[in-house]
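Okay, structure first, notes after.
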Amino acid sequence: MRTRSLGRHGPEVSVVGFGAWAIGGPWRFGWGQVDDDDSIASVRRAIELGVNWVDTAAVYGLGHSEEVVGRALRPYRVGEEVLVFTKCGRRWEGRPEGVIGNDLRPESIRDECERSLRRLGVERIDLYQAHWPDWATGTQLEESWGTMAALVDEGKVRWIGVSNFDVEQLERCAAVRHVDSVQPPLSLLVRGAFSTVVPWALEHGVGVLGYSPLASGMLTGSYDRARIAALDEDDWRRDAPAFREPLLSQNLALVERLGQVADRLGTTIPRLAIAWVLAQPGVTASIVGSRLPGHVDGWVAAAEIALDDQSLRDIADAIAATGAGSDVPPAPPPHIRPPVPDRT
């Protein structure tokens, strides 16, 4: 398993990590029904194959993902054999059912940290990340980041990072304390961060953990129109733009072209899609989700694929021919989008 340094001061991490969003089970942004025993087996299978970090968040399954990750990691020395990464800033406690709000107030960050430590069953979180910017509470970003830094000084976390932050927000954080990592969406379909956040991170010694390299399953090659139509009612992807027209036809056309490249290389579409992300300058690692051990077997070998220039050109040609995806940084989804200023 290849490893890379997570930025200037971070640990050595495997170039693929286990993403634990889906194992949170059914909730407003869930992926349908999951079996906790299968989830635990999936985490442990990834570790057996050389993956040395798991990425979760407090909000995944409203705490359930962290609990499952904690159970899965009990046989290991967390912080040595495997690292645990989690996130704060998306709160549901004390709100009406189904309502989740962005909250990076200092007191909220501290409360979430304590809750995550208990759910994970650890004394220290290896990488603690602000999940989304806080547009809701009026808290200054510098206050939030100062609290994250204080958690490092207090020994409750080892490194601190952000997820879904833009360059301006990263600059504000870095003025307070070094940002160890940033986690943007990075895939063949979502390419905007490659021209914005990733170059900034490379220049400033910040690790880049790209999430959703398989575009929530679209780039696995296992979804056609019939399977998409049959997604569980509680699967958030039913309403995702990538799984609906007009983008669906373009995305399926790209997947077909990727299949031709993968066949020539003797690999699979998922491994090819992940390897493409890992081949981009400035990317440290890619987060890949799984709900079954067999899913892990399907993607972990992407860590060993080195794409040659011809393969990279073929993939670029496929993107151009199909028009799939975008090079523009994505806007936050509607449930997280900042309020529109009142111009009156």
Close side-chain approach of Trp145 and Leu104, heavy atoms under 4.5 Å |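 When only atoms from C-beta onward are counted, Leu104 and Trp145 do not touch, as no gap falls below 4.5 Å.
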Quiz item: Does the side chain of Asp126 come within less than 4.5 Å of Phe85's, by heavy atoms?
Solution: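 They are in contact (side-chain heavy atoms under 4.5 Å apart), so the answer is yes.
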For [X] and [Y], which I'm curious about, is there any donor-acceptor pair between the side chains at under 3.5 Å?
| X | Y | result |
| --- | --- | --- |
| Arg172 | Gln169 | no |
| Asp314 | Ser311 | no |
| Ser187 | Ser212 | no |
| Arg71 | Ser39 | no |
| Ser14 | Trp53 | yes |
| Ser163 | Gln129 | no |
| Ser108 | Arg91 | yes |

- Item | Lys/Arg-Asp/Glu bridge criterion (N-O < 4.0 Å) met for Arg110, Glu107 |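 No salt bridge links Arg110 with Glu107.
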Which heavy-atom pair separates [X] from [Y] by the least distance, and what is that distance?
| X | Y | result |
| --- | --- | --- |
| Glu112 | Ala58 | OE1-CB, 3.6 Å |
| Ile305 | Arg2 | O-NH2, 3.9 Å |
| Asp38 | Leu292 | OD2-CD2, 3.5 Å |
| Ala262 | Ile269 | CB-N, 3.9 Å |
| Trp299 | His295 | CD1-O, 2.9 Å |

* Asked: Using the ring of each side chain (for Trp, its six-membered ring), is Trp132 parallel, tilted or perpendicular to Trp135, with breaks at 30° and 60°?
  ->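 Aromatic pair Trp132/Trp135 classed tilted.
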Q) Do you know which of Val69, Val296, Asp55, Val300 makes side-chain contact (heavy atoms from CB on, under 4.5 Å) with Phe18? A)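 Of the listed options, the one satisfying the test is Val296.
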Applying the side-chain contact (heavy atoms from CB on, under 4.5 Å) criterion to Leu127, which one of Leu83, Ile160, Leu6 satisfies it?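 It is Leu6, the one option of Leu83, Ile160, Leu6 that forms the side-chain contact (heavy atoms from CB on, under 4.5 Å) with Leu127.
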* Are Gln310 and Arg313 close enough, and set up right, to give a side chain to side chain donor-acceptor pair (under 3.5 Å), and what steps lead you there? -> CA-CA 5 Å; Gln310 183 58 55; Arg313 284 194 294 269; 3.0 Å; yes
